[in-house]
Amino acid sequence: MAETHSLQDLQQPTVSSKVYVQRDYSSGTLSKFQTKFPSELESRLDKQQFEETIQTLNNLYAEAEKLGGKSYLEGCLACLTAYTIFLCMETHYEKVLKKIGRYIKDQNEKIYAPRGLLLTDPIERGLRVVEITIFEDRSIGSGR
Amino acid sequence: MMKNCEYQQIDPRALSVLPSSAQNHNEKKVQRPRRKWEVFPGKNRFFCDGRIIVARQSGILPLTLGLIVVTCGLFFAFDCPFLVKHLTVFIPVIGGVLFLFVVLSLLRTSFTDPGILPRATPDEAADIEKQIDTSGSSTYRPPPRTKEILINQQVVKLKYCFTCKTFRPPRTSHCSLCDNCVERFDHHCPWVGNCVGKRNYRFFYSFIISLSFLTSFIFGCVITHITLRTQAGKSIVQAIQESPASVVELVICFFSIWSILGLSGFHTYLIASNLTTNEDIKGSWSSKQGAEDSGNPYTYNSIITNCCATLCGPMSPSLIDRRGFLSDEAIPVVSASEIELPPFTAKNDSHMCTQSTKDVLERVVNSFDSHSLCPPGTPKTSPLSVEVSSATAPSAEASPLAGCSRQQDGQPVAASCPPFSRNSKRDSLHSINPAFRLASPSPSMTRATLILGDVPDLGFIPLP
């Protein structure tokens with residue numbers, strides 16, 4: 001299939017498949033992803049590493065959605081200013097989302113890209129899934 | 001671990017070479033980069049380049065605004081001068097503050113994204129389809145699917161949304177007026193011209209509470225005004241003749257107060273028990289069925305915590321990213337249906353270089369994705385056919401990610417899903433989700449769900 005593709009000359013990776021890690025709703029509507037290791041990644045990734053990534057993501061989302069004094073204060077302050085304060089201030093959630101974006105980028109660079117995988121930030125999928133793209137194993141294909 | 005060296009590391013720099021190499025095919029297609037709101041599949045309207053979102057029908061929002069402004073205007077013009085003279089200057093001040101609060105809350109409720117869930121990408125939809133066994137079903141209208149999960153030791157059914165092609169998270173409902181799945185869906189409010197959901201519920205609540213105060217305040221002030229006038233020796237009729245506007249205000253306030261106060265009370269109850277209007281009306285958590293108490297699994301069992309969680313909890317950001325620039329995912333999705341079209345035409349996004357590495361990778365990856373999912377044996381197209389197909393497919397580009405159910409003007413758009421479902425047999429993805437349960441056959445649906453069942457050949461299926 002890839003033989004006639006002219007882009008192959010540039011040694012672009014081809015997508016072999018995508019794996020979706022679904023949400024875990026056992027604690028209600030909190031953003032949490034299942035830590036079950038997908039079988040498609042067995043040949044590429046350690047179960048341990050995968051679980052660690054997902055667990056860290058879950059912890060970060062829990063931090064974003066935590067109900068505590070700080071979030072209540074932010075909510076009350078926003079209410080008093082008729083929510084105009086958000087025009088100048090970033091919400092706590094947004095700050096954590098940026099942190100998550102950096103974490104995913106970091107994970108991709110360090111762990112996933114060397115194995116021919118790519119994590120997609122769940123926020124780009126509406127926090128529904130963690131999309132892991134599996135790239136084709138080039139070395140096994142036709143030698144160039 | 002031993003296979004590490006066999007994989008080619010993805011090199012973002014090499015990938016960024018791609019768009020320029022494809023530019024020669026794109027001479028005719030240089031267009032400004034579009035934002036995601038322009039191809040949003042739901043029935044919403046956007047203003048200020050995506051900053052403001054409203055439902056398609058603004059309902060009676062103008063009426064609501066008009067009533068509030070007119071009543072307050074009459075109050076300030078006719079009642080306040082008298083009351084300032086006879087009582088205190090604080091009356092218009094309080095009235096002004098309340099009025100401001102009401103209008104700001106109303107506008108905030110109307111123009112905020114209520115918590116719309118973006119629709120599933122075709123790949124996601126295909127993945128979910130694979131995991132659901134639809135063996136033997138050759139109809140385009142399969143029965144609705146549900147998934148049961150445990151939330152806080154209680155069984156909750158998640159329904160599959162045929163429009164958004166995903167299993168709805170708990171407390172999410174699909175609004176038919178806005179054609180979107182909305183998180184923590186409360187209701188669609190015509191007065192406000194928008195759905196009320198997770199992200200704008202607190203604005204809605206502050207709107208109705210402040211409106212209750214405002215109407216009560218105006219009502220009280222007008223009664224005081226007329227009373228003071230009659231006390232000065234005149235009859236009521238005379239007093240009314242001197243200030244006819246007061247009667248108008250009285251009538252408006254009298255009729256609004258009942259409904260607004262009732263609504264405020266109802267929503268206060270809902271907040272205290274952490275319920276939505278939707279759940280309350282459907283009786284989702286009432287224990288009328290069976291011996292077990294099916295209590296609300298989302299409640300914190302404390303009124304204060306429930307209130308704080310709903311009203312002062314963290315504000316989640318909008319998931320639909322209205323102002324983000326359109327990646328090329330939308331275009332290859334449609335071109336996948338026209339098998340000959342290579343993904344090069346999609347590479348007209350001049351913002352490639354400004355995006356993060358991840359986005360660059362992803363964009364390229366998705367363009368390859370559609371390409372790789374073409375049925376085997378299809379000859380790859382030469383650049384010539386690119387010009388032809390690109391000329392005929394400008395409107396196809398407007399098709400959003402949910403290509404299947406989108407109507408194009410006279411242009412038959414084959415659901416991008418048949419190629420996926422066809423090739424799904426080649427994939428080795430296993431089902432990882434718990435067992436699905438097929439419910440009773442669904443009523444007729446307005447959108448053809450072409451992704452389900454076996455599509456014998458990849459013909460173009462014109463949408464109704």
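Only heavy atoms go into these numbers, but all of them, side chains included; no hydrogens, no water, no symmetry mates. Chain letters run A, B, ... following the sequence lines, proteins first, then strands; residues in each count from 1. Computed from a predicted structure; not experimentally measured.
The two residues P170(B) and G28(A) make their nearest non-hydrogen contact at CG-O, 4.4 Å.
Using a 4.5 Å cut-off between heavy atoms, L45(A) does not touch chain B at all. In this structure, the portion of T166(B) lying under 4.5 Å from any heavy atom of chain A is its side chain and not its backbone. Contacts between K70(A) and chain B at a heavy-atom distance below 4.5 Å are absent for every atom of the residue. Residue F207(B) does not touch chain A at all, counting heavy-atom pairs closer than 4.5 Å. With a threshold of 4.5 angstrom between heavy atoms, L100(B) does not approach chain A through any atom at all. Contacts of L150(B) with chain A are made by backbone atoms alone, with heavy-atom separations under 4.5 Å and no side-chain atom involved. If you measure heavy-atom distances from T91(A) to chain B, the contacts under 4.5 Å come from the side chain alone. Only the backbone of A64(A) comes within less than 4.5 Å of a heavy atom in chain B; its side chain stays farther off.
For the options A309(B), S206(B), P297(B), heavy-atom pairs under 4.5 Å to chain A are most numerous at A309(B).
Looking only at distances, no side-chain donor or acceptor of Y93(A) sits under 3.5 Å from a matching main-chain atom of M315(B). Remark: side-chain polar atoms of R128(A) are paired, donor with acceptor, to backbone N or O of P118(B) under 3.5 angstrom.
Considering only residues two or more places apart in sequence or on other chains, F185(B) meets the ring pair (Phe, Tyr, Trp, His ring centres under 6.0 Å) condition with none of them.
Considering CZ of R125(A) and CZ of R119(B), their distance stands at 16.0 Å, rounded to 0.5 Å.
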